[in-house]
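None of these values were measured; they are calculated from a predicted model.
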Amino acid sequence: MKLLFEKSVAGRRCALLPKCDVEAVDLPKALLRENPPALPELSEVDLARHYTELNHRVHGVNCGFYPLGSCTMKYNPRIDEDMAALPGFAGIHPLAPKETVRGCMEVFDTARKYLCEITGMDDMTFQPAAGAHGEFTGVLLIKQYHKTRGDEKRTKIIVPDSAHGTNPATAAMCGYEVVNIPSAPDGCVDLEALKGVLGDDTAGLMLTNPNTVGIFDENILEITRLVHEAGGLCYYDGANLNAVMGIVRPGDMGFDCIHMNLHKTFATPHGGGGPGAGAVGCKAFLKQFLPASKLMQGGDRIQVRSFMGNFLVVVRALTYLLTLGREGIPEAAENAVLNANYLMQKIKGTFEPAFDRICMHEFVLDLSEYKKETGVSALDVAKALIDYGMHPPTMYFPMIVHEALMLEPTETESKETLDWAAEVFREVYARGKTDPAYLHDAPHHAQIGRPDEVRASRNPVLRYTKP
């Protein structure tokens, strides 16, 4: 498939601009480019065909099963997109006078009210652009809290070894030393290991619950109590909120602040680089440190992103909340847990779960023994699934499970889809037993075969160079 730059024809256009109805103003020469931007020149039909062809080459939730563990790739109801496309929302300007955007402000206020209720928080900001940005903002709340109290000896953030990779990265970016603690044999936090690292230099703990292996940590109240007794604060990574929303609140578990991936838990399509929204909530004692836009109360505080963040993602999230309501939100969580446990039980007997117990929204398969027996790796299995029209699950994560495949079916998948998926896993399992070479070379029927991933990572081609 050719790039747009390769399809470009000099002088070709696809837009007819109306005659300018205001006085033309020439920009100062100092503000003008010396050379025009090297943009492709195409007709409208060229563009339409190009992006349609791209669409045929990708796999999204609207194409088929997408069990990407820890990412909550649920189907986004059409009504969410319809509301985000309303001219009064889609056409708003971020610099519009406050009195002209009262409807948009009501969206923020209502979404804040509902999401604070769901999470057990007292206030919230929608500025962060995505989950990792929300983490960054949340840890900065913790840092500012300690700084304001003059308690700057707290230089360490505790992160479990099963955490998302963004957690230690975020803590380090905020200037903290990362203290990694191991998981217990059950996949949860090792309480003795936690006690061993807590001290007067502890700034906080970063944790998600349910955790990355899909298990709800039954010791969560003890964990947050220990951190608080040591003078630290507890940060909740909301990546796995989909399993407990409307049922258990992070604020009631003892967490002081939280980020939510609105683009995952509350239905906006996730992946592909955006758009996202990492809303950050906090308890009342941290409220004074929240970033604020000049459009809102307290606009003299620091901002972490321009204006109010990705507003249309909040519109979609609010639409989702209003559509499901008080009864529908917990029902969605319950169905997510039900689907994950159903699929795990259907696959058992072939690939085995790393933790053979009731899971929450996701579960992890451990292919270590299968690889020893057949030579077929988790990567081989993931690539083979592509030939069946299934997006591969998350591979080799969390790192505490070797040869890991992590599946999250979400609540929007039907029993028929889960039955089909389990049958695909059984077929791939059997094929690996009899013909491992076939799986080593998979996929066989995708748009491209298996790429040289080592070469791609070491010698990436990141920009187009005209021949």
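- Seen from the ring of Tyr176, Lys143 counts as a face-on cation partner, given the 6.0 Å and 45° thresholds.
- Not a single donor-acceptor pair under 3.5 Å links the side chain of Thr265 to the backbone N or O of Leu262.
- Between Asp201 and Lys156, at least one side-chain nitrogen of the basic residue sits less than 4.0 Å from a carboxylate oxygen of the acidic one, meeting the salt-bridge criterion.
- A cation-pi geometry, defined here as NZ or CZ lying under 6.0 Å from the six-membered ring centre and within 45° of its normal, holds between Arg431 and Tyr438.
- Within a 6.0 Å radius of NZ in Lys147, no more than 12 heavy atoms belonging to other residues, nucleotides or ligands are found.
- Environment of OH in Tyr51: sparse, with no more than 12 heavy atoms of neighbouring residues, nucleotides or ligands closer than 6.0 Å.
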### Message
Using ring-ring contact (aromatic ring centres under 6.0 Å, His included), reason through Phe65 and His391 one step at a time and then give a plain yes or no.
### Response
CA-CA 6 Å; Phe65 191 40; His391 193 284; over 10 Å; no
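- Ion pairing of Lys153 with Asp151 is present here, as a side-chain N (NZ or NE/NH1/NH2) and a carboxylate O approach within less than 4.0 Å.
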### Message
Before you tell me yes or no, could you show the steps for Lys383 and Glu453 under salt bridge (charged side-chain N to carboxylate O under 4.0 Å, His left out), namely the whole-Å CA-CA distance, both residues' side-chain angles and the distance that decides it to 0.1 Å?
### Response
CA-CA 12 Å; Lys383 297 296 186 183; Glu453 296 179 354; 3.0 Å; yes
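- Listed for the Asn219 side chain is no donor-acceptor partner under 3.5 Å among the backbone atoms of Ile223.
- Nearest heavy atom pair, residue Ala332 against residue Leu324, reads CB-CD2, 4.0 Å.
- One finds a salt bridge joining Arg225 and Glu229 here, because a Lys/Arg side-chain nitrogen approaches an Asp/Glu carboxylate oxygen to under 4.0 Å.
- Heavy atoms from other residues, nucleotides or ligands lying under 6.0 Å from CZ of Arg57 number more than 12.
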### Task
Would you please test His164 and Ser70 for side chain to side chain donor-acceptor pair (under 3.5 Å) and show each step?
CA-CA 9 Å; His164 296 108; Ser70 207; 2.5 Å; yes
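- Between Lys113 and Asp109 there is no salt bridge, since none of the side-chain N atoms of the basic residue sits less than 4.0 Å from a carboxylate O of the acidic one.
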### Task
Any chance you could lay out the side-chain contact (heavy atoms from CB on, under 4.5 Å) test for Ile220 and Met253, step after step, and finish with the verdict?
CA-CA 6 Å; Ile220 190 61; Met253 298 181 207; 4.0 Å; yes
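- Using a 3.5 Å distance cut-off with no hydrogens or angles, the side chains of Asn76 and Glu81 do pair a donor with an acceptor.
- The main-chain N or O of Gly204 is never found under 3.5 Å from a side-chain atom of Thr202 such that the two would form a donor-acceptor pair.
- Note that CG of Leu322 is 10.5 Å distant from CE of Met83, once rounded to the nearest 0.5 Å.
- A salt bridge links Lys371 with Glu403: the distance from a Lys NZ or Arg NE/NH1/NH2 to an Asp or Glu carboxylate oxygen falls below 4.0 Å.
- Aromatic ring centres of Phe285 and Tyr145 lie closer together than 6.0 Å.
- A donor-acceptor pair under 3.5 Å is absent between the side-chain atoms of Asn240 and the main chain of Thr208, judged by distance alone.
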### Query
Stepwise, does the side-chain contact (heavy atoms from CB on, under 4.5 Å) test hold for Phe136 with His259?
CA-CA 9 Å; Phe136 180 74; His259 92 261; over 6 Å; no
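- Only one option out of Val189, Val159, Asp190, Asp161 pairs with Ile181 in a side chain to side chain contact (heavy atoms under 4.5 Å, CB included); it is Val189.
- A salt bridge links Arg450 with Asp380: the closest approach of a Lys/Arg side-chain nitrogen to an acidic carboxylate oxygen falls below 4.0 angstrom.
- Pro393 pairs in a side chain to side chain contact (heavy atoms under 4.5 Å, CB included) with only one of the listed residues (Leu385, Val364, Leu68), which is Leu385.
- With rounding to the nearest 0.5 angstrom, the OH atom of Tyr464 is 10.5 Å from the CG atom of Leu4.
- Around the NZ atom of Lys287, the shell of radius 6.0 Å holds no more than 12 heavy atoms that belong to other residues, nucleotides or ligands.
- Here the OG-CG distance, from Ser183 to Asn211, works out to 7.0 Å after rounding to the nearest 0.5 Å.
- The CZ atom of Arg78 sits 5.5 Å away from the CG atom of Asp82 when rounded to the nearest 0.5 Å.
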### Query
For Tyr388 and Glu427, what are the C-alpha separation, side-chain angles and deciding distance, and is it a side chain to side chain donor-acceptor pair (under 3.5 Å)?
CA-CA 10 Å; Tyr388 290 86; Glu427 286 186 25; 3.3 Å; yes
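- Across Thr319, Leu318, Leu312, a single residue satisfies side chain to side chain contact (heavy atoms under 4.5 Å, CB included) together with Arg316, and that is Leu312.
- The CD1 atom of Ile118 lies 8.0 Å from the CE atom of Met260; values are rounded to the nearest 0.5 Å.
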### Task
Might you work through the ring-ring contact (aromatic ring centres under 6.0 Å, His included) test for Phe108 and Phe311, ending with a clear yes or no?
CA-CA 8 Å; Phe108 281 120; Phe311 169 62; 5.2 Å; yes
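- Not counting sequence neighbours, Tyr342 has no partner by the ring-ring contact (aromatic ring centres under 6.0 Å, His included) test.
- Not a single donor-acceptor pair under 3.5 Å links the side chain of His263 to the backbone N or O of Pro275.
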### Query
Given the rule in the side chain to side chain donor-acceptor pair (under 3.5 Å) test, do Lys264 and Asn242 qualify, once you have shown the distances and angles that lead to the verdict?
CA-CA 8 Å; Lys264 288 167 43 168; Asn242 199 60; over 6 Å; no
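- For the side chain to side chain donor-acceptor pair (under 3.5 Å) criterion with Asp237, the lone passing option out of Thr170, Asn167, Asn209 is Asn167.
- Ser368 places a side-chain N or O within 3.5 Å of a backbone atom of His402 that can act as its donor or acceptor partner.
- Under a 3.5 Å cut-off, the side chain of Glu408 and the backbone N or O of Cys71 do form a donor-acceptor pair.
- Interatomic distance, Leu194 CG to Leu198 CG, rounded to the nearest 0.5 Å: 4.5 Å.
- Taking the charged nitrogens against the carboxylate oxygens, Arg249 and Glu117 do have a contact shorter than 4.0 Å, which makes a salt bridge.
- With hydrogens and angles ignored, the 3.5 Å screen pairs a side-chain donor or acceptor of Glu352 with a backbone N or O of Gly349.
- More than 12 non-hydrogen atoms from other residues, nucleotides or ligands lie less than 6.0 angstrom from CD1 of Ile247.
- Ring planes of His59 and Tyr66: tilted class, angle from 30 to 60°.
- No more than 12 heavy atoms of other residues, nucleotides or ligands shown are found within 6.0 angstrom of CZ on Arg326.
- At a threshold of 4.0 Å, the pair Arg154-Asp200 does not count as salt-bridged, since none of the basic side-chain nitrogens sits closer than that to a carboxylate oxygen.
- Judged purely by atom type and a 3.5 angstrom limit, Asp256 uses its side chain to pair as donor or acceptor with the backbone of Cys234.
- Using a cutoff of 4.0 Å between basic side-chain nitrogens and carboxylate oxygens, Lys74 and Glu413 are not scored as salt-bridged.
- Evaluation of the ring-ring contact (aromatic ring centres under 6.0 Å, His included) rule for Phe255 yields Tyr236 as partners, not counting sequence neighbours.
- The backbone N or O of Ala333 lies less than 3.5 Å from no partner atom in the side chain of Glu411, so there is not a single donor-acceptor pair.
- The number of heavy atoms from other shown groups lying within 6.0 Å of CD (Glu106) does not exceed 12.
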